[in-house]
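To keep things clear, I will list the structure first and then write my remarks on it.
No experiment lies behind these values; they were computed from the predicted model shown. Per chain, numbering begins at 1; letters A, B, ... match sequence-line order.
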Amino acid sequence: MSEQPARTLVTSALPYANGPIHIGHIAGAYLPADIYVRYLRSRKRDVVWVCGSDEHGAAITLRARKEETTPRAIVDRYHEEMQEAFRGLDIAFDHYDRTSSEEHHAFAQEFFLELLKKGAFTEETRQQFYDPVEKQFLADRYIQGGCPKCGHDGAYGDQCEKCGSALSPEELIEPKSTLSGATPEWRETTLWYLPMDRHEDWLRTYLEEGKLDGEDHHDAAAWKSHVLGQCRSWIDGGLQSRAMTRDLDWGVPVPVEGADGKVLYVWLDAPLGYITATRNWAAKKGVDWTPYWQDRDTQLVHFIGKDNIVFHCIIFPILLKEHGDYLLPHNVPANEFMNLEGDKISTSRNWAVWAKDYVEDFDGRSDEMRYVLASIMPEQKDAEFTWLDFQSRVNNELADVLGNFVNRVFVLTGKFHGGKVPGASGQWTAVDQALLDLMSTTPDAVGTAIERYRFREALQHAMGLVRAGNKYLTEEEPWKVAKTNPERAADILHLALQVTANAAILLAPFLPKTASKLSEALGTAGLPWDAAGAALVTEGQPLGTLPILFQKITDEQVEEQQSKLGPELEGMRDVEPEKGETSFDAFQDMDLRVAEVLAAEKVKGADKLLQLTVRTGYDERTVVSGIAEHFSPEEVVGRKVVLLANLAPRKIRGVVSQGMVLMASTEDGGLRFVTPDEGAEPGDIIR
RNA sequence: GGCGAGGUAGCUCAGCUGGUUAGAGCGCAGGAUUCAUAAUCCUGAGGUCGAGAGUUCAAGUCUCUCUCUCGCUACCA
């Protein structure tokens, strides 16, 4: 790998076309990539940035059924909406594609076949649920039933959303197909698996040392520690086989005879979308796409959020290497998560700042959001966005430092030099020289930080030049000097203008709108990055008119935005949807009783479990309950509770649990006992 | 329980391969100034660098133990 790659291919995580984009997404994978790419473009490097909608997967079909529409309609809607959000924040991909395109299907199939031919997969036949009414195999998410863990009656085959536990479909109590409501049957199906354990050795070398096939591949030290840490954790834990196909009808069909009703697993399908997108971009431009994915002088960078690390650093590299013709990532600068006003961002609770809403509420003010997000980007650890912080950064830094500096320079030039760039004598004082020095070193400081994916630091450096400009004006006082020494005053303003023009270039990756307004007004539009560091504006150049760059964010705006967070409906909660209809008989099957907790102790080796001894009035029994994180043993002894008494006994962590204690799970993420009213005694039947 | 990442000024965070009095921005106090969006500039207060032990001539920076937060994972209501 040479110091400077011949070209760079940048990707941002394909957003899932199942919901709108929020600032967490932007700060995680799109804004950093946008800054990085704008910088490289400004340096006139060969760079291509691709992205696209990830439009397959069970969640989308499930949602389509729920909304009584088609998967196509869902993905079409979000494909458009997401692009609108990106455009509104000036996130400027070279190409934005979608995985449901014909080209992608064809390419993904071709890629799959190649892997098949190379023996990358193992074929395994397993029992799987089949819906006899809809005549299809059921993906895990299409099966609903009682959760074996918490008893919650709407658990999915892969996960119970109530208790968060990972499940496999056969564990469900009374499983039902969510498609037809029918009871599914066991049938054999054949799926292709990726045996990842085969790849542990070279992956370790690739990640830890940056070496591939015995050659230097990338600088492993340049990777973020949390990215490497996660990968190490996965590999050390032993990599498992993972199914690369699914029985589903929405996705890229498996191109093998007899594989009707099977599609590629979205996690095989989606990253290949990067390649398809590049091919489509190249076709559009009439250039050859292959160097971007196959030439060793290309640098491949994936921008993602931390939830995607394992796929981009382990699974996708395995696929690429097995294929053999493609480059592996040179860096995956994953960001951590962005929290919001003290809580994690949550789509279902509407605890999010939606990109689309921001663009509507703050029309034309994309730079403000970009600036704030770049300032607090979760580069090494989770970060937090608050509207008060947004206000203070916009007002104190953008408006007061940058906006005001620019305004001072323009007003002074207007007043003392008729709005034209004054000439300079070339007689620089020590103070001038210090500023000139800073001006000449800042581009490199900013650029180096960007190339190291340290965007906050880069922005600090760029703003540092502006701060120095303010200091310079305040201390040199050209408005005073002009009265006694007009030549000196001209020098000062000339230099201040050079600083402004430099700032326009350096800030452009972060604040594209502002930067172009500035460089237009200064007559320096279109100058590349490498021009920065020196004099840019020329004597006599008339300045354009410049509006106030940044309006202050008012307290009212802050309050308005804060009040938008959370559930939208007055008095109504946005909770998980009601389950499908049940029958009286099914209810009758449950034997609910009042019981009293006699004793409680923690189950050793488990964080969440309490072992309870309860009195039912007719016996005493042991119940294991996953409430240890919410209640101490002392707190629960003596309580009257509601017990599901006839639940099949189950061995949990070595202890046989005979029944289940009912709890209400509350909005704050806690649990509350369901307690019978005064007078109810152990053994009382609940019906 | 296992693994990973964090715990640094009131707030948001930097501190690379250990080395002079631990930094930035905001906030706060005092002052200067008026060209400018009541903006700007200077000065100052403020930190036992989560706790404890160890290695070293020297530790925020390395090792161990403990503790708290976040994430993945296991057990799981």
Side-chain angles (χ1 to χ4, degrees), chain A residues 147-152 160 162-167 221 224-237 306-307 309-310 336-337 339 344 375-386 388-389 392-393 395-416 452 454 456-457 459-461 463-464 467 469-482 489 492-493 496 547-552 603-610 612 623-631 644 650-655 657 660-663 665 671:
Chain A
C147 174
K149 317 285 173 69
C150 68
H152 168 62
C160 172
K162 187 84 161 192
C163 64
S165 49
L167 302 174
K224 298 189 184 188
S225 53
H226 73 267
V227 174
L228 287 176
Q230 270 221 25
C231 295
R232 205 172 293 140
S233 168
W234 272 79
I235 297 175
D236 289 350
K306 71 169 158 185
D307 49 336
I309 289 173
V310 63
E336 304 243 8
F337 287 152
N339 293 322
K344 3 186 142 182
S375 306
I376 61 172
M377 210 171 254
E379 289 170 351
Q380 330 269 0
K381 52 182 161 190
D382 290 357
E384 170 144 337
F385 179 96
T386 67
L388 267 177
D389 180 65
S392 109
R393 286 180 193 276
N395 293 0
N396 301 334
E397 298 176 32
L398 279 182
D400 293 351
V401 175
L402 176 58
N404 186 43
F405 171 66
V406 170
N407 191 239
R408 296 172 85 181
V409 172
F410 273 63
V411 168
L412 285 169
T413 307
K415 269 189 187 165
F416 295 99
R452 295 176 67 199
R454 306 173 79 120
R456 304 153 59 123
E457 184 188 323
L459 184 51
Q460 286 283 329
H461 280 300
M463 287 297 285
R467 289 178 197 280
N470 263 324
K471 180 181 162 82
Y472 179 72
L473 282 185
T474 302
E475 288 175 356
E476 297 303 303
E477 304 180 305
W479 53 92
K480 267 189 191 167
V481 177
I492 296 167
L493 265 186
I548 292 295
L549 289 175
F550 302 103
Q551 298 296 332
K552 300 269 175 113
V603 176
K604 65 172 193 294
D607 295 345
K608 302 183 182 175
L609 302 182
L610 282 190
L612 309 176
V623 174
V624 177
S625 183
I627 58 175
E629 288 185 326
H630 304 278
F631 299 96
L644 176 56
R650 188 183 155 85
K651 204 169 191 178
I652 297 164
R653 208 62 190 169
V655 182
S657 176
M660 191 177 95
V661 173
L662 268 50
M663 307 290 294
S665 69
L671 293 174

Is the phosphate of B:A36 approached by A:Lys415 (side-chain N or O, under 4.0 Å from OP1 or OP2)?
yes
Below 4.0 Å: OP1/OP2 of B:C42 and any side-chain N or O of A:Lys471:
yes
From CA spacing to verdict: side-chain contact (heavy atoms from CB on, under 4.5 Å), A:Lys552, A:Asp400:
CA-CA 9 Å; A:Lys552 300 269 175 113; A:Asp400 293 351; 2.9 Å; yes
Watson-Crick/G-U partner (both atom distances under 3.5 Å) of B:U12:
B:A24
Flag side-chain contact, heavy atom, 4.5 Å: A:Glu384 against A:Asp389
no
At less than 3.5 Å, do the side-chain atoms of A:Asn404 and the base atoms of B:A36 form a donor-acceptor pair?
yes
Can you find a side chain N or O atom of A:Lys381 that sits less than 4.0 Å from OP1 or OP2 on B:G7?
yes
When the P atoms of B:U33 and B:C49 are compared, how many Å lie between them, rounded to an integer?
41 Å
What is the base-pairing partner of B:C41, counting Watson-Crick and G-U wobble geometry with both distances under 3.5 Å?
B:G31
Quick one, A:Leu549 with A:Asn407, criterion side-chain contact (heavy atoms from CB on, under 4.5 Å). Give me CA distance, side-chain angles, the key distance, then yes/no.
CA-CA 8 Å; A:Leu549 289 175; A:Asn407 191 239; over 6 Å; no
Using a heavy-atom cut-off of 4.0 Å across all strands, would you classify A:Glu336 as base, sugar-phosphate, or nothing?
sugar-phosphate
Gap in Å between the two P atoms, one belonging to B:U21 and one to B:C3, rounded:
38 Å
How long is the gap from CZ on A:Arg393 to OG1 on A:Thr386, to the nearest 0.5 Å?
8.5 Å
Any side-chain N or O of A:Lys224 under 4.0 Å from OP1/OP2 of B:G6?
no
Regarding A:Leu228, tell me which of base, sugar-phosphate or nothing describes its non-hydrogen contacts under 4.0 Å with the strands shown.
nothing
In whole Å, what separates the C1' atom of B:G44 from that of B:G54?
39 Å
What distance, rounded to whole Å, do you find between the two C1' atoms, one in B:G52 and one in B:G31?
45 Å
Atom OH of A:Tyr472 and atom P of B:C42 are separated, to the nearest Å, by 15 Å
Which whole number of Å gives the distance between the P atom of B:A14 and that of B:A5?
15 Å
Which nucleotide, B:C13, B:C3, B:C35, lies nearest any side-chain atom of A:Ala383?
B:C13
Euclidean distance, atom CD of residue A:Gln380 to atom P of B:U69 [Å, nearest integer]:
23 Å
Would you classify A:Val409 as touching base, sugar-phosphate or nothing, given that sugar-phosphate means primed atoms plus P, OP1 and OP2, and contacts are heavy atoms under 4.0 Å?
nothing
Just one of A:Asn404, A:Val406, A:Val411 clears the side chain to side chain contact (heavy atoms under 4.5 Å, CB included) bar with A:Arg408, so which one?
A:Asn404
Side-chain atoms of A:Ser225 come closest, of B:U37, B:C70, B:G6, to B:G6
Can you check whether A:Phe337's main-chain N or O pairs, donor with acceptor, with A:Asp382's side chain at less than 3.5 Å?
yes
Separation of atom CZ in A:Arg393 from atom P in B:A24, rounded to whole Å:
16 Å
Atom-pair distance (CZ on A:Phe337; P on B:G6), nearest Å:
16 Å
When all nucleic acid strands are considered with a 4.0 Å heavy-atom cut-off, which category describes A:Glu397: base, sugar-phosphate, or nothing?
sugar-phosphate
If you check every side-chain atom of A:Trp479, which of B:G25, B:C35, B:A5 has the closest atom?
B:C35
Spacing of the P atoms in B:A29 and B:U69 (rounded, Å)
34 Å
Proximal nucleotide (of B:G4, B:A24, B:U40) relative to the A:Val401 side chain
B:U40
